[in-house]
2 protein chains.
Amino acid sequence: MRELPIHIELEQKSGKTLYEQIYEHIREEIRKGNLLQDERLPSARFLSEYLQVSRTTVDMAYSQLVAEGYLVAKPRSGYFVGDVRELYNTGVTDARGQAEPSREAEGLGQRYDFSPNAIDMSQFPYATWKKITKNIMVDARSHMFALGEPQGDIELRRTICRYLHGSRGVNCDPEQIIIGAGNDFLLLLLEKILGRHIHVAMENPTYIRAYKIFRSFAYPISLIPMDDKGIRADQLEDSGAKLAYVMPSRQYPTGISMPIGRRMELLRWADREEDRYLIEDDYDSEFRYKGKPLPSLQASDGRGRVIYIGTFSKAIAPAIRVSYMVLPYPLLERYRRECGFFSSTVSRIDQTILNEFISDGYFERYLNKMRKLYRTKHDFLLGELREFERDFTLSGENAGLHVLLTDKRGRRENALEQAAAEADVKVYGMGAFRMEEEQAKGPAAMILGYGGLTQEAIREGISALKKVWL
Amino acid sequence: MRELPIHIELEQKSGKTLYEQIYEHIREEIRKGNLLQDERLPSARFLSEYLQVSRTTVDMAYSQLVAEGYLVAKPRSGYFVGDVRELYNTGVTDARGQAEPSREAEGLGQRYDFSPNAIDMSQFPYATWKKITKNIMVDARSHMFALGEPQGDIELRRTICRYLHGSRGVNCDPEQIIIGAGNDFLLLLLEKILGRHIHVAMENPTYIRAYKIFRSFAYPISLIPMDDKGIRADQLEDSGAKLAYVMPSRQYPTGISMPIGRRMELLRWADREEDRYLIEDDYDSEFRYKGKPLPSLQASDGRGRVIYIGTFSKAIAPAIRVSYMVLPYPLLERYRRECGFFSSTVSRIDQTILNEFISDGYFERYLNKMRKLYRTKHDFLLGELREFERDFTLSGENAGLHVLLTDKRGRRENALEQAAAEADVKVYGMGAFRMEEEQAKGPAAMILGYGGLTQEAIREGISALKKVWL
């Protein structure tokens, strides 16, 4: 332990609380590598006396750093710097569809960030969005400022219904759609509909945020292995789960598209017992560059076993806090009975803007433009990756916003990430998407997202990777 | 049973689904009194054959009507019209702070609706709101379309913090504030923070929506009687509850302001055991017409035992889906550990608009204007009610948007409501705010809300009530 690793200049008038200043200072020290893994911090009592601040202020800063994984608290010995590799991964996997990691990356100072979550907002029709907003505000009368239906405005539900039918083959009535402020809220609502202690199965690797949410419900979770067709239906059956959370159109993060045979197996699984359901998270099905887009799993479901969830946060903008859930009729009934009184989380103004954006054709035009833009980046990246094929297997291409490189030379993910970081490139190991006990299994697989990068950045980043990986 | 009480003209192209048409038709028949309480409906099988629609369509319509209380399903005998009095009450008590009942009332066709939930939107500064929105959209760059912090934008949290401190005496740091899309969402989040099976105590009568939400958590609920100072602290202690949901500034619906002595008793109750908390729902404290506004309960809390919840839905507009929760530090820590990954439910654009509306002084000006407007209506109503004092006791005046009339002549609430309805006046009996077993107790008390009525409507409505009640 160094004598005093924390040299904090506290400013009483900085506009930040003392707590924030302490928290940010320590976090930066860890990020910059001035505080290294397993290094012990001064005790909260010592630091509070040294800085002349209350013990609570220091406790709070430490707790926050522990909560975020920067520090680890060890009973009877104090606070230590945590595993920073783990930390980066957590930052990333929490942010799918939210363009957050690039911000994190800034803090870490890496120049080329191949985040699978970053999206390109350069082509967003800001002017159109503003114009729609302005027109709606001009027309807005008091009804626009009233609370809408708990399920969402019927006009927007009709529009979503048409859109889902046309683009994803989803079969539903507007009455089956529930609009909510983000997928997380819809899952909270779904817990109230499905009830407690529901045994849920998830793909492994999977979308970590959903995993954390189910864990916060105290649902028993089974992680089911995948083969090249997706989640293994036989193991799903053996798990005893009642509910399965799947991403059939393009699994995150593996990029696997589930073929129709496996889909039918899943639907048969659900139909084999009362009260078995599949949650289909169709998070970025809008982007596919080769072949026809696959219809949704819900489209093949004749028995009302699929709960379909989608969002506009990825296809339009992360700020658009509008997601939707399509409930099978038996669950719709339960929703109305148990949860129909929960008031809407999306304002009517926002619903109206979105409705016009979609129904006036702007959404489709924007999607077409983005599909072209992302396809260009995708094709360019694949070109740049040609030399990697000797050392890596490429997969997950032709859709979405990232590809996978699986190492053939038996190297560790940690080592590949570290080498990339030293070349100023941020890449994301698959380990962060697997649960603890599984992390060591299988060859190293690196996720390379390209949505948020320019062609120039892709070229330079990949060129830097060549030097350290090949 | 009449031969066929359901004469529905289904239109294939009406823009409404068959299910909606059947549901709405039966609901209207019940509302209009064409179908009376306990009357049996045709079986779903019979109706589906008669109307040539699928059995599922009819089942769904019936289920929805059951869920909403219009129908009651009796095993092995069929569907019957429910207790319509109960039904009206449910419609009302669900809608506190949401200006919804007036819409319900339109359906019922009563001319003067003394809903305690209606608010007056006539003075809302639509032009200002539009101007702020427009300016923000002009300046909006991509960061506005990014996802914000899970707790809400720091600027808005700072603004709310200043506002709460200045107007309600709330002591907190911006870091303690969590912004969410409505109180219901914040309570869902709070369940994840507090955990399961928390024994909660509520005032009786209380805000029914909160009661339903706690019930949906499967929290054991104790209903605690009130005296003229509010919830009885001795009975709270005896109940064994860990959590108490209270409205100290102005209890809903009784209008009781809790004096400081009782507040201290509550705080002592909370401090007596680890992990006891008070939820302070400060839902309409902005409106007080006599004397100084009471500070919040949180303002007297030196031990971090009060979870403070407020909303802009009542003071600005129901469409503003922005509520806030102030967490004591130990719970803030738990929030960050257990729930910090739940993404924000309010878009940054909406947060920015609201922040400017408040920090540029528009909110305060609007509140001052509304306080005057509601005070004028309040004083006018009290003048019109002078003749009622022989037959009723008046209470709950001088604040909020409704008063209470308690009958001195031993009449039943049902009878008073019915008489009012025949005079084209909708009033709200206290019974709907009490739980089942308590409904019969005590004298009839009628709630008269005036927020949404003009002076003319108040005069005419009260004049009509005089004829039937005095």
Side-chain angles (χ1 to χ4, degrees), chain A residues 17 19-20 56 60 63-64 67-68 94 98-100 121-122 124 126 129-130 133-134 137-138 140 142 144-148 173-175 181-182 184-185 188-189 192 196 209 212-213 216 218 313 317-321 329 332-333 336-350, chain B residues 17 19-20 56 60 63-64 66-68 94 98-100 121 124 126 129-130 133-134 137-138 140 142 144-148 173-175 181-182 184-185 188-189 192 196 209 212-213 216 218 313 317-321 329 332-333 336-350:
Chain A
T17 61
Y19 151 79
E20 282 171 317
T56 311
M60 269 305 295
S63 299
Q64 177 60 15
E68 294 181 5
D94 274 8
Q98 300 176 34
E100 282 285 282
M121 288 290 291
S122 67
F124 183 73
Y126 293 102
W129 194 270
K130 289 173 189 180
T133 305
K134 200 180 135 196
M137 293 309 287
V138 168
S142 62
M144 192 73 84
F145 288 88
L147 184 72
D173 282 322
E175 71 198 19
D184 297 0
F185 168 74
L188 279 169
L189 203 58
K192 299 294 164 229
R196 294 173 174 256
R209 180 193 289 272
K212 287 187 182 174
I213 290 174
S216 84
S313 298
I320 309 303
R321 307 305 300 142
Y329 277 103
L332 180 61
E333 237 176 281
R336 288 184 166 155
R337 205 170 52 229
E338 312 284 344
C339 309
F341 55 86
F342 281 100
S343 54
S344 173
T345 46
V346 188
S347 81
R348 303 197 71 182
I349 296 168
D350 292 351
Chain B
T17 61
Y19 150 80
E20 283 171 315
T56 311
M60 269 303 296
S63 299
Q64 176 61 16
V66 169
E68 294 181 4
D94 274 9
Q98 300 175 36
E100 282 284 281
M121 288 290 292
F124 183 74
Y126 293 103
W129 194 270
K130 289 171 190 181
T133 305
K134 200 181 135 194
M137 293 309 288
V138 168
S142 61
M144 192 73 83
F145 287 88
L147 185 71
D173 282 322
E175 71 198 18
D184 298 1
F185 168 74
L188 280 169
L189 204 57
K192 299 294 164 230
R196 297 177 171 251
R209 180 194 290 271
K212 287 187 182 176
I213 290 174
S216 84
S313 299
I320 310 303
R321 306 305 300 142
Y329 277 102
L332 181 60
E333 236 176 281
R336 288 184 167 154
R337 205 170 53 229
E338 312 284 343
C339 309
F341 56 85
F342 280 100
S343 54
S344 174
T345 46
V346 188
S347 81
R348 303 197 70 181
I349 296 168
D350 292 352

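Labels below follow one simple rule: chain letters A, B, ... track the order of the sequence lines, proteins then strands, and each chain is numbered from 1.
- Neither the backbone nor the side chain of Ser122(A) comes within contact range of chain B, judged by heavy atoms closer than 4.5 Å.
- Considering all non-hydrogen atoms of both residues, Ile213(A) and Phe341(B) come closest at CG1-CE1, 3.5 Å.
- You'll find the side chain of Pro174(B) stays beyond 4.5 Å of the side chain of Glu20(A), heavy atoms only.
- Highest contact tally toward chain A, considering only Leu189(B), Asp350(B), Leu332(B), Val346(B), is held by Asp350(B) [criterion: heavy-atom pairs under 4.5 Å].
- Scanning both residues, Arg321(B) and Ser343(A), for their nearest heavy atoms gives NH2-OG, 3.0 Å.
- Remark: Phe124(B) engages Phe145(A), Tyr126(B), Trp129(B), Tyr366(B) in a ring-ring contact (aromatic ring centres under 6.0 Å, His included) (not counting sequence neighbours).
- For Thr345(A), the side-chain contact (heavy atoms from CB on, under 4.5 Å) partners are Ala181(A), Phe185(A), Ala181(B), Phe185(B), not counting sequence neighbours.
- With a 4.5 Å cut-off on side-chain heavy atoms, Leu188(A) and Lys192(B) count as touching.
- Of the two parts of Ser216(B), the backbone and the side chain both hold a non-hydrogen atom closer than 4.5 Å to a non-hydrogen atom of chain A.
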